[in-house]
Number of protein chains: 2
Amino acid sequence: MSTGWFRRRFLPGGPLPAPRPPGPRASPVPYRRPRFLRGSGSSSGAADASRRPDARPVRSPARGRTLPWNAGYAEIINAEKSEFNEDQAACGKLCIRRCEFGAEEDQEWLTLCPEELLTGHYWALFDGHGGPAAAILAANTLHSCLRRQLEAVVEGVVATQPPMHLSGCCICPSDPQFVEEKGIRAEDLVIGALESAFQECDEVIGRELEASGQVGGCTALVAVSLQGKLYVANAGDSRAILVRKDEIRPLSSEFTPETERQRIQQLAFVYPELLAGEFTRLEFPRRLKGDDLGQKVLFRDHHMSGWSYKLVEKSDLKYPLIHGQGKQARLLGTLAVSRGLGDHQLRVLDTNIQLKPFLLSIPQVTVLDMDQLELQEDDVVVMATDGLWDVLSNEQVAWLVRSFLPRNREDPHRFLELAQMLIHSTQGKNDGPTGEELVSYDDVSVFVIPLHSQGQGNSGQ
Amino acid sequence: MSTGWFRRRFLPGGPLPAPRPPGPRASPVPYRRPRFLRGSGSSSGAADASRRPDARPVRSPARGRTLPWNAGYAEIINAEKSEFNEDQAACGKLCIRRCEFGAEEDQEWLTLCPEELLTGHYWALFDGHGGPAAAILAANTLHSCLRRQLEAVVEGVVATQPPMHLSGCCICPSDPQFVEEKGIRAEDLVIGALESAFQECDEVIGRELEASGQVGGCTALVAVSLQGKLYVANAGDSRAILVRKDEIRPLSSEFTPETERQRIQQLAFVYPELLAGEFTRLEFPRRLKGDDLGQKVLFRDHHMSGWSYKLVEKSDLKYPLIHGQGKQARLLGTLAVSRGLGDHQLRVLDTNIQLKPFLLSIPQVTVLDMDQLELQEDDVVVMATDGLWDVLSNEQVAWLVRSFLPRNREDPHRFLELAQMLIHSTQGKNDGPTGEELVSYDDVSVFVIPLHSQGQGNSGQ
């Protein structure tokens, strides 16, 4: 992505985009549930599901189908919003082959005998909005983007220390020392590959949706195991946590208009054209009105962590760039998340103001070094879309995990059953630790990934 | 600060700045040491100090002069660099008066009987570069800026909850609820006032230095006590830590080209004009050269936390925007810090490329709630310029604090002596916990602020 591209794409006065070549429009992305749910009998399709929350079926993989690491999965469709489940999921084995950068004449030979250099596993959740298409495309595509990005750097990933030059040749004798001083490790290449894969997938989704005339976007939460480490990459408001006997460790943080306020206000400060005179980039405790003119009211700008007072002028009465609190917070009155994939065509209702320049497709990546953890039998990672975390806290989820797993160690399906139980707990059907019964009316999808069994030959999907 | 201002000030093609009105140039900022050192006998002036590090005098306030909270202070001039000590310090009592925003006819009366509404204390360290002028101006000015900024919002600071409108009038009945939902507390107003004060002080320094034809900049580390809380605001590479019997808590983090890489690269991505075609914004493990052309080498761009490989092109051979590691890291080959005050005129040697657009004057503020701490007699905050932290780790400083204070509880000057001892430890004169003897050749200034005695009537300066 270059500055020039950004300016041409989003700012007025740039050259018009080339017209789409004439020809038939690509067919729309077909709706589907995750591949690994095939053959699961509980419900044949979302359209059959009753709209009453207490009657909605919870779906899980069929008992005979084992997911990577014997992970558990369960999902439920939203109660009211649409006939489609906008959440999607994917998981499987990642096979990274060697891809040498030799002379051109070598390359054909190399593709004839690809060598599997590294294997890992992959679990992903996508929470769609504006239709299911972007989440389906992400579930179909992101793992391929990641495999490609990892293959492009795999020589560095398997080296003791990533070489300065991917070819391995040493142009300057102290190159290893420079790399050492920067503290660059193999895991930094995996983080870089995840960052690039999210970007690449975002571009694919943009092209595919434009070609088929569809719209929409999705969040993405991905866990990848590689060489004894678990990488969690998050763009959006899903969440992953590690639950152990004595520890709850967040493995992701949420990206919303509230948590990314300063980044978003900063962009509007640099490029005020993006607001087209319709929005104010300043934050106030509520939307201002005529009576506030001439008063000094609480406000925050892009450079402020604290609050101050400003004299209200007419331009402060515009609709705020970020408005509302908590789950109600919206970017440009439109979107509840600030990172994710897709949304290339999304505009503020009845205007030409684009959301995309304010959205990031780059994930934040955290790394769990499993070799350092002395893992116990009931240690799991719980990954879920926001529908779960809206009604259950980290502590409540950990309480449910710790109540369920030790009592069910003999059950080979316990991680699947735990995933189902977590979903039921969002429907007011289980007694939680507090006795409160919050009900989620959103789509909810959950992976429970046991860490103790890692590498024990569950080959997955 | 508006976007328009930023574009006019820093980007080519904007209107030229108005010529300075003719007239005599203001006189240069006179060199001085902190006011509270007056009468301290150990050394009459920096120019007298020997250039050999083992002979340099450590200066502290005279024994009869008590600093706020009986804090200790000591400083030493650099060994080699200049005849001036580029560090500066200030401390004193902060008196915040009421400043009502009533009808104009009321205002004169109000200024006739200013009411002291809130008192606090203030300690500050400034580490200058490019001459002592900016640090001296900051030491003379920042506390006044802070007092002014706090007076502008003091009604909100003393309220149980800051009101939506500073006047206290309630335009919308649920205004208190909006403020509550945003979680806005009195301390957020103090944080906002610190942020604004740093900005205001930066502007003052820019004007004063331009008027007197001087140059330079400085870092700023400020501690402010107010209503049972200690606020630590930092812009630069000084550091404050809390040392208790069983705890070492960092109260600031350093802002350098390395720690702020992504922010700085992001600005160069948005405004490539700022690099004038002379620098590359990409980060490589070392500066690239001709032999690297056509190779795939390790790199990072603004959106990346991880590393990846890229094919080297000719433009990658330019000098890097951020270059070097650790203490050697430089912004545009020139500056070792990325936040601070001043530097309005600073340009890359022999070019017209300005440093200022990449520098932030905004501090990061952390808040220590002293009422929650159950403070013990030997609990202190140690604030020091980077000369100390270059040779002593947080753990080494804590070891020295914990070795010294319990043995000297009867000594009324123990915090002053601890500050002197910390300085001596940077000169290879004390046996530290490791026995290693690193020597600092930089200016070093230290405050030791005891927390247990807070509010016990030490009125200060």
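Every chain is numbered from 1 and lettered A, B, ... according to where its sequence line falls, protein lines coming before strand lines. Basis for what follows: all heavy atoms, side chains included, without hydrogens, waters or symmetry-related copies. Only a predicted model underlies this, so the values are computations on that prediction, with no experimental measurement involved.
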Side chain to side chain contact (heavy atoms under 4.5 Å, CB included), that's the test. Do H165(B) and D292(A) meet it? Break it down for me. CA-CA 9 Å; H165(B) 298 85; D292(A) 295 304; 2.7 Å; yes
Does any non-hydrogen side-chain atom of [Y] lie less than 4.5 Å from one of [X]?
| X | Y | result |
| --- | --- | --- |
| W307(A) | K182(B) | yes |
| K296(A) | S167(B) | no |
| F178(B) | L298(A) | no |
| Y309(B) | P163(A) | yes |

Contact origin within [X] toward chain A - heavy atom pairs under 4.5 Å:
| X | value |
| --- | --- |
| Q325(B) | side chain |
| L189(B) | both |
| C169(B) | side chain |
| F299(B) | neither |
| L288(B) | side chain |

Only pairs of heavy atoms separated by less than 4.5 Å count here; which of [options] has the most with chain B?
| options | value |
| --- | --- |
| I184(A), V297(A), V312(A) | I184(A) |
| I191(A), L360(A), L267(A) | I191(A) |
| E283(A), E181(A), M164(A), Q295(A) | M164(A) |

Counting only non-hydrogen atoms closer than 4.5 Å, can you tell me which residues of residues 313-323 of chain B sit against chain A?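 The stretch does not come within 4.5 Å of chain A.
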Atom pair OG (S308(B)) and CG (L194(A)), whose distance is rounded to the nearest 0.5 Å: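 It is 11.5 Å, given to the nearest 0.5 Å.
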To the nearest 0.5 Å, how far apart are CD1 in I171(A) and CG in L293(B)?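 Interatomic distance, I171(A) CD1 to L293(B) CG, rounded to 0.5 Å: 9.0 Å.
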Find the one option among R286(B), K289(B), M304(B), Q266(B) whose heavy-atom pairs under 4.5 Å with chain A are most numerous.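 Result: the option with the highest number of such pairs is R286(B).
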For chain A, which candidate among S196(B), S174(B), C172(B) shows the most heavy-atom pairs at distances under 4.5 Å?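 Answer, by heavy-atom pair count under 4.5 Å with chain A: C172(B).
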